[in-house]
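Notes follow once the structure below has been shown.
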Amino acid sequence: AQTVTQSQPEMSVQEAETVTLSCTYDTSENNYYLFWYKQPPSRQMILVIRQEAYKQQNATENRFSVNFQKAAKSFSLKISDSQLGDTAMYFCAFFNTNAGKSTFGDGTTLTVKP
Amino acid sequence: EAGVTQFPSHSVIEKGQTVTLRCDPISGHDNLYWYRRVMGKEIKFLLHFVKESKQDESGMPNNRFLAERTGGTYSTLKVQPAELEDSGVYFCASSRQLQETQYFGPGTRLLVL
């Protein structure tokens, strides 16, 4: 069974600054995907970024990037130039490509302050 | 392309009553998943449909929960009878193929009093 741990229940950052959300996971699988989802107060869960485990290059999407350390089973999310609209709960998720289901962390509530 | 939709957005019922949640996946997505987040804890997998067939229902908590996907389009999740511990947010997700990204709906917030 897989487990996903987000050790930071809450974080805050000043607008325009950079913040890193941590995520670690445990698995015996070799092929999997990792995701960061964001859930703003409006409730819609939005895909932020995706990383395939077989890719060594860290995924990036505009201001969002990950630091994927496969050996350490670590998958942190960096948000650069934080904006007020980034305020949300962020979930790290492990996707088992064989089973086709996701395992989530407890979430990190991020507040961007003006 | 329309996203995953869920209905209702909120439901408040009394213990012992029945509630039915609906999920409409993205058109053409054969894979449909139900997850739930209870008491502010982590989001947990409930079950997975491939078209109209239940591929994996290992996460269903007990026989008070019944999921269907007749015709392989939308899905319903019925809770009967509802208990207090069923309160939480129920998410639906869909994907075109098994190994593709799951796209989530906005969730249904269920409160059992």
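Each chain gets a letter, A, B and so on, in the order its sequence line appears, and its residues count up from 1.
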Bottom line for Gln6(A): the part with an atom under 4.5 Å from chain B's heavy atoms is neither

Quick one: pull up OG in Ser102(A) and OH in Tyr35(B) and give me the separation to the nearest 0.5 Å. 3.5 Å

ILVMFWY cluster, Leu84(B) and Tyr90(B) together (side-chain gap under 4.5 Å): yes

Tell me, yes or no, whether the heavy-atom count around Lys51(B) atom NZ, taken from other residues, nucleotides or ligands under 6.0 Å, exceeds 12. no

Phe104(A)/Phe45(B) aromatic ring centres below 6.0 Å: no

Heavy-atom count around Asn62(A) CG within 6.0 Å, excluding the residue itself: above 12? no

Which heavy-atom pair separates Gln102(B) from Phe95(A) by the least distance, and what is that distance? NE2-CE1, 3.0 Å

Could you tell me which portion of Ser9(B) (side chain, backbone, both or neither) has an atom closer than 4.5 angstrom to a non-hydrogen atom of chain A? both

Would you find more than 12 non-hydrogen atoms of other residues, nucleotides or ligands less than 6.0 Å from Lys70(A) atom NZ? yes

From Thr97(A) atom OG1 to Glu100(B) atom CD, the distance as rounded to the nearest 0.5 Å: 12.5 Å

Which of Leu98(B), Asp56(B), Leu47(B), Ile43(B) touches chain A most, by non-hydrogen pairs under 4.5 Å: Ile43(B)

Should Val48(A) and Phe94(A) be regarded as members of a common hydrophobic cluster, given that ILVMFWY residues are connected when their side-chain heavy atoms come within less than 4.5 Å of each other, either directly or indirectly? yes

Any chance you could measure Asp106(A), atom CG, to Arg37(B), atom CZ, to the nearest 0.5 Å? 7.5 Å

Atom CZ of residue position Phe64(A) - does it have more than 12 heavy atoms of other residues, nucleotides or ligands inside 6.0 Å? yes

To the nearest 0.5 Å, what is the distance between CD1 (Ile46(A)) and CZ (Phe104(B))? 12.5 Å

When you group the ILVMFWY residues by side-chain heavy-atom contacts below 4.5 Å and let the links chain together, are Phe65(B) and Phe91(B) in the same group? no

Tyr103(B) side chain vs Met45(A) backbone, donor-acceptor pair below 3.5 Å: no

Under 4.5 Å heavy-atom distance to chain A, tell me which part of Ser58(B) shows up: side chain, backbone, both or neither. side chain

Do Leu34(A) and Trp36(A) land in one hydrophobic cluster if side-chain heavy atoms of ILVMFWY residues count as linked below 4.5 Å? yes

